[in-house]
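Below: one structure, written as structure tokens.
The chains referred to below are lettered A, B, ... by the order of the sequence lines, with proteins before strands, and numbering in each begins at 1. In this text the structure is predicted, and so the values were computed from the model without any measurement.
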Number of protein chains: 2
Amino acid sequence: MARATGCNLETIRYYEKIGIMPDPPRSVKGYRSYDDAHVKRLNFVMRSRDLGFSLEEVRGLLGLVDDQSRTCAEVQVIAEDHLTDVRAKIADLKRIERVLSDTVARCTGDAAPECAVIDALLEA
Amino acid sequence: MARATGCNLETIRYYEKIGIMPDPPRSVKGYRSYDDAHVKRLNFVMRSRDLGFSLEEVRGLLGLVDDQSRTCAEVQVIAEDHLTDVRAKIADLKRIERVLSDTVARCTGDAAPECAVIDALLEA
DNA sequence: CTTGAGCCTGTATCAACTACAGACCCTAGA
DNA sequence: TCTAGGGTCTGTAGTTGATACAGGCTCAAG
């Protein structure tokens, strides 16, 4: 399944341990054997993670997927909360980007000990 | 010093343990006593962290601050590397924001089990 | 004299993995 | 048949940047 999905082997076993993935059936010698349902579920997890959902959020989403009586509204709440987080992170990084690029732009980049970056970090 | 800087007490001691902050002199009873130089250094660390520098990067910057023969060029390299990281993170989050907001926009938000977000996560 | 606050050390916890160690097992080639 | 190499198994420790205790000492105010 690691090969099929591109997911790290250890990560799959980690997901199993924390209950994100179900315990798969085992061969006589104890080897895990996965089927299409497992692969599908892992892909769901990977796509969710790729969109920045935390494992707890993924757990919530999986619970809704498994539950036939789930509603679109329930999913929407999780997704919108996450979207809010993402937007806050972007705003924060943009602030950092602005400060940092402004400061670096004032660097001479030469062999002198005076440096705009150091000055900025030293001053309030 | 925690009050003076707004830094968490445990965090200051953590910085001391990992060598970011120097071991301060102690009173007879073992209480740490800090002076202006400590406060200044901690402020430097806090501002660096606020700009998203990792503690290892902060360590590097502090090394350069302490070193009289440091050059602007050396600092510039660290800052520009970090700026590249920050820009990459912004780009990544923007991609996520786009996908997520497009998908959430297709949510009906009603009590039906059909959900655009789940569909998007289930499909390749 | 007590009560509450502050400081001390040291260890455990968090997320989300990753990286081993040490033991099996299985297949292909000599 | 033997062996070399890869794969799998379990279980534990490490990563980053803190934060949260537990259990004990000290100190100032009332």
Going through the distances and angles, do Val117(A) and Arg106(A) end up as a side-chain contact (heavy atoms from CB on, under 4.5 Å)?
CA-CA 8 Å; Val117(A) 172; Arg106(A) 296 207 310 280; over 6 Å; no
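Residue contacts shown for Phe53(B) are absent, as no nucleic acid heavy atom lies under 4.0 Å away. Counting any heavy atom pair closer than 4.0 Å across all strands shown, Arg49(A) reaches sugar-phosphate atoms only and no base atom. Arg3(A) comes within 4.0 angstrom of no nucleic acid atom, judged by non-hydrogen atoms across all strands. Residue Arg32(A) is in sugar-phosphate contact alone, with no base atom involved, counting any heavy-atom pair closer than 4.0 Å across all strands shown.
The number of heavy-atom neighbours closer than 6.0 Å to CZ of Arg26(A), taken from other residues, nucleotides and ligands shown, is above 12. In this structure, Asp35(B) places its CG atom where more than 12 heavy-atom neighbours from other residues, nucleotides or ligands lie under 6.0 Å away.
Here dA18(D) presents its C1' atom at 14 Å from CG of Leu42(B), a figure rounded to the nearest Å. Here the P atom of nucleotide dT16(D) and the CD1 atom of Ile20(B) are 12 Å apart, to the nearest Å. Protein atom OH of Tyr14(A) is 17 Å distant from nucleotide atom P of dG14(D), rounded to whole Å. Spacing between atom CG of Leu55(B) and atom C1' of dT15(D) amounts to 13 Å, rounded to whole angstrom units.
Under a 4.0 Å N-O distance rule, the pair Asp92(A)/Arg95(A) qualifies as a salt bridge. Using a cut-off of 4.0 Å between Lys/Arg side-chain N and Asp/Glu carboxylate O, Lys94(A) and Glu97(B) are scored as not salt-bridged. Ion pairing of Glu56(B) with Arg59(B) is present here, as a side-chain N (NZ or NE/NH1/NH2) and a carboxylate O approach within less than 4.0 Å.
Both Lys29(B) and Tyr15(B) lie near DNA chain D, and the one whose nearest nucleotide falls closer to the 5' end is Tyr15(B).
Of the candidates dT26(D), dC21(D), dG17(D), the closest approach to any side-chain atom of Tyr31(B) belongs to dT26(D). If you check dC21(D), dA18(D), dT10(D) against the side chain of Glu10(B), the one that comes closest is dC21(D).
Protein chain A contacts DNA chain C over a range whose 5' and 3' limits, counting nucleotides with an atom under 4.0 angstrom from a non-hydrogen atom, are dA16(C) to dC26(C).
Remark: the His82(A) side chain and the Asp85(A) side chain contain no N/O donor-acceptor pair separated by less than 3.5 Å.
Within the structure, a side-chain polar atom (N or O) of Arg26(A) is placed less than 4.0 Å from OP1 or OP2 of dT10(D).
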